[in-house]
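So the structure is just underneath, and the comments pick up after that.
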2 protein chains.
Amino acid sequence: MEAFRDAILQMIKASKEELAVFLDLCHLKTFSKNEIALQPGTIPQEVLFIKSGLIRVIITDRDGNEHTIHFAMENQFITDYSSFILQQPALYSMQALETTEVVVLPRKAIEWGYKNLHEGEKMGRLVAEFYFIYQDNRIKNIYSRSPKERYEAITEVFPNIHQRVPQHMIASYLGITPVHLSRLKKSER
Amino acid sequence: MEAFRDAILQMIKASKEELAVFLDLCHLKTFSKNEIALQPGTIPQEVLFIKSGLIRVIITDRDGNEHTIHFAMENQFITDYSSFILQQPALYSMQALETTEVVVLPRKAIEWGYKNLHEGEKMGRLVAEFYFIYQDNRIKNIYSRSPKERYEAITEVFPNIHQRVPQHMIASYLGITPVHLSRLKKSER
DNA sequence: AGGGGGCGTTAACAAATGTTTAGACTCGCT
DNA sequence: AGCGAGTCTAAACATTTGTTAACGCCCCCT
């Protein structure tokens, strides 16, 4: 749980005691490769903190096509956060692309934290702000850069992604077809 | 300041006293039609709460093309929130499309609120969560729906927009050209 | 009242992106 | 060692979207 504790202490000050109680409300879990970490349609009851591995976030459109929305990697929190906050059925689905070890933060633990950690609400604010900024960046990129430019810049957001994720999933993340991405790479040379 | 007070009380409980102090740190301001409400490149020092009117949020790409990212309307908070949080130069620019009355929340007021309102941090969390959910919805839409579908659904997010905003700005928001939007409308009939 | 700028539509053409199909390659599994 | 599934590239063709230019309309400003 070391990296997880550090991630919290990077955001807020917390005494050993209160932190110990909080950590005690969480537990570890391991997803095997290709395992589904969140089933769409279910109401998310937990946030995951990734210790190792990689989770792909997917949305399925009306025609049944899957679109890759996000890759969650080491030291990131991940869930269908909107659905978690609103306690509504998830639209996203999440799939472990590698064997993935996570810390599970059940909703009860998080609510306990908001109320009982001295800076619990602040931690919630900082997490929400952090992921807001991430989303905002994506929107900036989508509006102001071409798929090709976004491809060239992708390692800024996801280092190692080319070693860890098949190219057609990257294409899906960029919002283009695998065939077209292959073409863009060719034209670049 | 009534609507503003209500917006706060909808999120958190606050005593009359602390709320009065907080409101006192804020002030009113009016932007005339077409006035720039935020200059890109400057570091945002305030959040605006719109009492009446409409502000368009714009990003300018490397080639100088403007892209409409958002329309902020009555009872919404608006600023370049990412840049505000990080205290970095704004990438967005904001333009009043109508005469627009706002409550100005200076950064000092917000920081005072986080520290001194009983539920100040919670308010910050709820605001960040609210705008996270908004961004997340946009991303879901962009990935899983065509421009045409998004056009047809736009009044869910921005009621009255057709009466208040020229069509070419809506096209820009949808990420397509005005000519193409015109074409889509035609094919719909 | 008149003029001019902004706006929406249309058409013709250009460029970008998707679709389908095929082939070659890798790599894990038996 | 060899099979098979998954993956990437490639080419040909289809569709979507952008670009440019022209026209008519409206309405805001003086």
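Just so we're on the same page: letters track the sequence lines, and every chain starts at 1.
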Between CG of Leu181(A) and C1' of dT7(D) the distance, given in whole Å, is 13 Å
Whether His168(B) contacts dG8(C) is assessed here as follows: a side-chain N or O lying under 4.0 Å from the phosphate OP1 or OP2. Is that the case?
yes
Using the ring of each side chain (for Trp, its six-membered ring), is Tyr81(A) parallel, tilted or perpendicular to Tyr131(A), with breaks at 30° and 60°?
perpendicular
May I ask you to test the Phe4(A)-Asn75(A) pair for a side-chain heavy-atom distance under 4.5 Å?
no
Ile176(B) CD1 to dT17(C) P, in whole Å, measures 15 Å
Rounding to a whole Å, what distance do you find between Lys148(B):NZ and dT15(D):P?
15 Å
Between P of dG6(D) and NZ of Lys33(A), the distance in whole Å:
12 Å
Any side-chain N or O of Gln167(A) below 4.0 angstrom from OP1/OP2 of dT9(D)?
yes
Quick test: give all pairs of protein nitrogen or oxygen and nucleotides 19-27 of chain D nitrogen or oxygen below 3.5 Å, distance rounded to 0.1 Å.
none

Begin from the C-alpha positions of Gln45(B) and Lys108(B) and carry the test side chain to side chain donor-acceptor pair (under 3.5 Å) through to its verdict.
CA-CA 8 Å; Gln45(B) 297 298 334; Lys108(B) 301 293 180 196; over 6 Å; no
Any chance you could lay out the side chain to side chain donor-acceptor pair (under 3.5 Å) test for Arg145(B) and Asn141(B), step after step, and finish with the verdict?
CA-CA 5 Å; Arg145(B) 296 164 96 167; Asn141(B) 275 328; 2.9 Å; yes
Answer yes if the side chains of Asp136(B) and Gln135(A) hold a donor-acceptor pair under 3.5 Å, and no otherwise.
yes
Give me the ring orientation class for Tyr143(B) and His67(A): parallel if the planes are under 30° apart, tilted from 30 to 60°, perpendicular past 60°.
perpendicular
Whole-Å distance separating the CD1 atom of Ile170(B) from the P atom of dT9(C):
11 Å
Distance check needed: dG8(C) P versus Gln163(B) CD, whole Å only.
13 Å
Under 4.0 Å from OP1 or OP2 of dT9(D): is there any side-chain N or O of Lys186(A) that close?
no
Measure the distance from CD on Glu149(B) to P on dT17(D) and round it to the nearest whole Å.
11 Å
Using atom CG of Leu184(B) as one end and atom C1' of dT10(C) as the other, report the distance to the nearest whole Å.
14 Å
Aromatic ring proximity, centroids under 6.0 angstrom, Phe77(B) and Phe130(B):
no
